[in-house]
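Notes for the one structure printed next.
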Amino acid sequence: MKFFIDTANLAQIKEANDLGILDGVTTNPSLMAKENIKGHDAIMAHYKTICEIVDGPVSAEVFGTTFESIIEEGQKLAAIHENIVVKVPMIKDGIKAIKWFTDNNIPTNCTLVFSAGQAILAAKAGATYVSPFIGRIDDSNWDGVELIKQIVNIYNTQGFLTEVLAASIRTPLHIVKCAEAGADVCTCPLSSILGLLKHPLTDLGLQQFLNDASTMK
Ligand code: E4P
């Protein structure tokens, strides 16, 4: 399973990249707004900086919701860097646009996916990635990991090539469950990635080893 970081924060992206286990980045308009980026040129420059930090796919989301505006924005985003993946919402014009990008060799990430039916449509349009939002599904009292399992099963059964990108990750356990469920990619906040490191027995065991090592100096 590939690890993407789900943020537009440059310090966090650098920290995850320095770990050596980062395969890519996802952003969305809310994550970009958090970084206080204002205006078209600043947005474009920010994506370029992210692409210069991480050698892997960087999802940049369109703001438009009509076919024409999605195509226009997506082409500009794709021109920033060869690693840009155009992130498109799961709406009728979005599906049409994903098909257009597929036909024009521009990689896409179909976002805001909450059902297997939506994931089938994204795959039919040729999306490179589909992003089911598992944390938001859990928040609404459904089971996000079950949706990942269902989509993985459908894609394997049907031979769809779209990669399942588990998004809206809230905890380290979500990452483990998505790996078990067969997700191709997990996009995670830095806190969830670092949370994978933690186990009290590791801390206790290390302390004991350090104590014993100090007796041998
Ligand atoms: C990433 O592709 C998604 O936009 C993101 O994971 C959504 O996460 P949230 O539900 O925590 O906002």
Side-chain angles (χ1 to χ4, degrees), residues 1-10 12-13 16-17 22-37 43 46-47 50-51 53-54 56-65 70 73-74 77-78 80 83-91 94-95 97-98 101 106-115 118-119 121-123 125 127-148 151-152 162-179 181 183-196:
M1 186 174 74
K2 284 173 266 189
F3 270 46
F4 290 179
I5 188 165
D6 194 25
T7 185
N9 182 276
L10 298 181
Q12 291 187 15
I13 292 170
N17 196 51
L22 195 65
D23 300 297
V25 180
T26 53
T27 63
N28 64 35
S30 307
L31 294 170
M32 291 289 280
K34 256 196 209 167
E35 300 311 307
N36 217 13
I37 303 155
I43 292 170
H46 198 80
Y47 287 135
I50 294 174
C51 291
I53 298 170
V54 179
V58 173
S59 286
E61 190 160 342
V62 297
F63 295 173
T65 53
I70 295 171
E73 263 187 83
L77 290 168
I80 298 173
N83 284 344
I84 289 283
V85 173
V86 180
K87 203 170 174 193
V88 180
M90 165 47 72
I91 53 175
I95 287 298
I98 288 170
F101 288 128
I106 294 175
T108 52
N109 175 354
C110 183
T111 189
L112 288 166
V113 166
F114 293 90
S115 76
Q118 291 177 325
L121 270 183
T128 316
Y129 303 98
V130 66
S131 287
F133 277 32
I134 72 165
R136 292 192 197 185
I137 292 173
D138 286 1
D139 293 344
S140 59
N141 209 19
W142 292 68
D143 190 335
V145 173
E146 279 305 312
L147 178 61
I148 299 293
I151 297 171
V152 167
T162 300
E163 293 191 37
V164 180
L165 192 168
S168 186
I169 297 291
R170 303 264 194 265
T171 62
L173 187 59
H174 265 156
I175 302 176
V176 173
K177 292 285 176 193
C178 286
D184 299 289
V185 191
C186 215
T187 189
C188 326
L190 181 62
S191 58
S192 297
I193 298 175
L194 296 179
L196 291 172

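Remember, it's 1-based here, ligands and their atoms both numbered in the order they're listed.
- Note: S192 OG to H174 NE2 = 9.0 Å, rounded to the nearest 0.5 Å.
- Each of the atoms 7 (C), 9 (P), 10 (O), 12 (O) of ligand 1 lies under 4.0 Å from some heavy atom of R136.
- Residue R170 has at least one N or O atom closer than 3.5 Å to an N or O atom of ligand 1.
- The closest protein non-hydrogen atom to atom 8 (O) of ligand 1 is S168 CA, 3.4 Å.
- P57 has its side chain within reach of Y129: a pair of non-hydrogen atoms, C-beta onward, lies under 4.5 Å apart.
- The closest side-chain heavy-atom distance from V130 to M90 is not below 4.5 Å.
- The distance criterion of under 3.5 Å between nitrogen or oxygen atoms is not met by T187 with respect to ligand 1.
- Annotation: side-chain hydrogen bond (donor to acceptor under 3.5 Å, both in side chains) contacts of T7 (sequence neighbours excluded): none.
- Among all protein heavy atoms, the one lying closest to atom 5 (C) of ligand 1 is D6 OD2, 3.1 Å.
- With R170 as the partner, the salt bridge (charged side-chain N to carboxylate O under 4.0 Å, His left out) test is satisfied by one option alone out of D6, D138, D139: D139.
- Between S131 and ligand 1, a contact under 3.5 Å exists for no N or O pair.
- Checked by atom type and distance alone, the side chain of H46 never pairs as donor or acceptor with a backbone atom of M32 at under 3.5 Å.
- Of all protein heavy atoms, the one closest to atom 3 (C) of ligand 1 is F133 CZ, 3.5 Å.
- Closest non-hydrogen pair, E35 versus N9, comes out as OE1-ND2, 3.1 Å.
- Scored by the side-chain hydrogen bond (donor to acceptor under 3.5 Å, both in side chains) test, T27 finds no partners at all (sequence neighbours excluded).
- Looking at K87 next to ligand 1, an N or O pair under 3.5 Å apart turns up.
- The N/O atoms of T27, backbone and side chain alike, include none that comes under 3.5 Å of an N/O atom in ligand 1.
- Below 4.0 Å from some heavy atom of N28 lie the following atoms of ligand 1, by number and element: 3 (C), 4 (O), 5 (C), 7 (C).
- Residue-to-ligand polar distances keep N109 apart from ligand 1: every N/O pair is separated by 3.5 Å or more.
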